[in-house]
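Worksheet: one structure, shown below.
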Amino acid sequence: MTPSDNDIRAVRARAQLLTVPATDVLTVAGSVAAVQAQSTPAARLAFRARSRGLTAQDVDVSREVTRTWLMRKTLHLVPTVDLRWLNRLFGPRNVQAGQGRRNQLGLTEELCERALEKLQVLLPGKALTRQEILEGLAADGIALDAKSQAPAHLLAYAANRGLLCRGHDAGTEPTYVLLDEWVTEDHDPAEPHTELAHRYLTAYGIATVEDFGAWSGLPLGLCRKAFAALDLVSAGGGFALSQTGLTAPACPPRLLGAFDTYLLGYRDRDLLLGPAEAKRVNAGGGMIAPTVLVDGRIAGTWHTKRTAKQTKVVVEPFAVLPRSAITGLESEVDDYGRFLGETAVLVI
């Protein structure tokens, strides 16, 4: 049976835990393969939309998930147990891809190696902020302009070389820790590209090789090889794992945060987002706005207005919403407030 567009959206939403949410941080991260996490507030909201009962604090303090630079050289939150093999898979590629920009910033190979040696002295037993790291490096004659992009690129280089990863934030400041001290387990799949493809299709339900390539940043030749090693069925112009049910219950209304994986997991987003509204969600510069999901399709965007007494969640729908969708969004706003410990109200 060929799945309809509604079926495909429902299957994708189910795979993303948007239909039946999880109850713990690790299940969310494991089920969606990776949570894009260059924005901490947005990453928290990805967990909220896929869980019930968790709080932002639960996400922040969990050691079961860790943030580092992986797919497309971008920060992602992944299960900590998977950090090493994913780092081995993406780290060398990211190091090579970032060389040109490092050279532009004056991060020569000699300087980077000196910095890595110093980091191995600075970090044992500690979680240091970027400023603390810069001060430690400067004390050893490695001076970087704190206002430039050089510190961020050096830290990403150190992470991709397998030396460090992100620790828990200190307030709003990220910290960095030694990877070997933070990660105590090491899953080592025999075929990492195939393992990643399997996890991707588990997380995204029905997708194409091109979708996998856009999400992972891996060359299409590797993506095709990884798909070919899996037991797949054709579905909706793409593929699904053979055990994937090709029908699912309709997805209830959801408030998705910025950069949500439900959109970022696909190269072709037309089934989820009408081309006429695409620029309202992706205005350029790599920004993906917080979105409203109704029946598995993006039906609008939203933002917040905070006062001392309450947070207004302002929904801007693309069209008039049915009463059932509004009722569902009211429940979502209540849960958003509970998750963040705020009083939140829906405004349309």
Side-chain angles (χ1 to χ4, degrees), residues 33-39 66-80 82-120 122-123 130 133-134 137 142 144-145 148-166 174 176-180 182-183 186-200 209-229 259 261 264-265 267 285-286:
V35 173
Q36 188 151 323
Q38 75 267 48
S39 165
T66 300
R67 186 180 325 216
T68 197
W69 289 265
L70 293 169
M71 286 70 77
R72 309 180 312 281
K73 299 188 298 180
T74 302
L75 280 166
H76 284 81
L77 268 166
V78 297
T80 304
D82 293 320
L83 197 59
R84 287 186 186 277
W85 74 267
L86 288 171
N87 181 266
R88 289 192 292 267
L89 180 60
F90 288 103
R93 292 181 176 278
N94 291 345
V95 165
Q96 183 177 16
Q99 184 173 356
R101 182 58 179 146
R102 288 196 302 276
N103 289 338
Q104 292 175 353
L105 294 167
L107 296 173
T108 64
E109 289 189 19
E110 186 271 337
L111 185 149
C112 287
E113 291 308 310
R114 285 178 55 208
L116 260 61
E117 291 178 4
K118 182 61 177 178
L119 286 170
Q120 293 177 69
L122 290 173
L123 283 173
R130 180 187 297 187
I133 288 173
L134 291 180
L137 292 175
I142 305 170
L144 299 178
D145 182 358
S148 74
Q149 293 184 357
H153 280 264
L154 177 63
L155 290 167
Y157 174 80
N160 284 309
R161 285 286 301 273
L163 177 64
L164 57 79
C165 61
R166 287 271 290 264
Y176 301 86
V177 296
L178 287 178
L179 181 68
D180 285 344
W182 188 261
V183 181
D186 184 10
H187 178 56
D188 188 17
E191 299 291 341
H193 296 99
T194 304
E195 175 74 9
L196 187 70
H198 187 278
R199 294 188 182 209
Y200 169 78
V209 171
E210 290 75 16
D211 290 330
F212 178 49
W215 174 81
S216 67
L218 294 173
L220 278 179
L222 280 177
C223 295
R224 292 190 184 98
K225 184 178 178 181
F227 266 43
F259 309 108
T261 62
L264 291 176
R267 180 182 179 186

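When reading the values below, keep in mind they use all heavy atoms of this one structure, side chains included, and skip hydrogens, waters and symmetry mates. In this chain, numbering begins with 1 at the start of the sequence shown.
The line from CZ of R93 to CG of L70 is 13.5 Å long, rounded to the nearest 0.5 Å. The CG atom of L107 sits 10.0 Å away from the OH atom of Y157 when rounded to the nearest 0.5 Å. Between atom CG of residue L178 and atom CD of residue Q120 there is a gap of 7.5 Å, rounded to the nearest 0.5 Å. We find the CZ-CG distance between F227 and L220 to be 10.5 Å, quoted to the nearest 0.5 Å. Note that SG of C165 and CG of L75 are 11.0 Å apart. Values are rounded to the nearest 0.5 Å. One finds the CG atom of L122 at 12.0 Å from the CD atom of E117 (value rounded to the nearest 0.5 Å).
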**Q.** salt bridge (Lys or Arg N to Asp or Glu O under 4.0 Å) evaluation trace for E113 with R161
**A.** CA-CA 10 Å; E113 291 308 310; R161 285 286 301 273; 2.7 Å; yes
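Between P79 and A33, the shortest heavy-atom distance links the atoms CD-O, 4.4 Å. When all heavy atoms of G162 and L179 are compared, the closest pair comes out as O-CD2, 3.4 Å. Across all their heavy atoms, R67 and L77 have their closest contact at N-CD2, 3.7 Å. Closest of all the heavy-atom pairs between L105 and H153 is CD1-CD2, 3.6 Å. The shortest non-hydrogen separation linking T66 to R166 is CG2-O, 3.6 Å.
In this structure, the side chain of N87 engages the main chain of A159 through a donor-acceptor pair within 3.5 Å. Panel note: side chain N160, backbone A156; a donor-acceptor pair is recorded below 3.5 Å. Here the side chain of R84 pairs a donor or acceptor atom with the backbone of V183 at under 3.5 angstrom. Between the side chain of T261 and the backbone N or O of L264, no donor-acceptor pair lies under 3.5 Å.
A side chain to side chain contact (heavy atoms under 4.5 Å, CB included) with L164 is found for exactly one of L119, T68, L116, namely L119.
In this pair, Y200 and F212 present their aromatic rings tilted. The plane angle is within the 30 to 60° band.
Side-chain contact check for R102 and Q99: no donor-acceptor pair (N or O, by modelled atom type) lies under 3.5 Å. With no hydrogens or angles considered, no side-chain donor-acceptor pair links W69 and T74 at under 3.5 Å.
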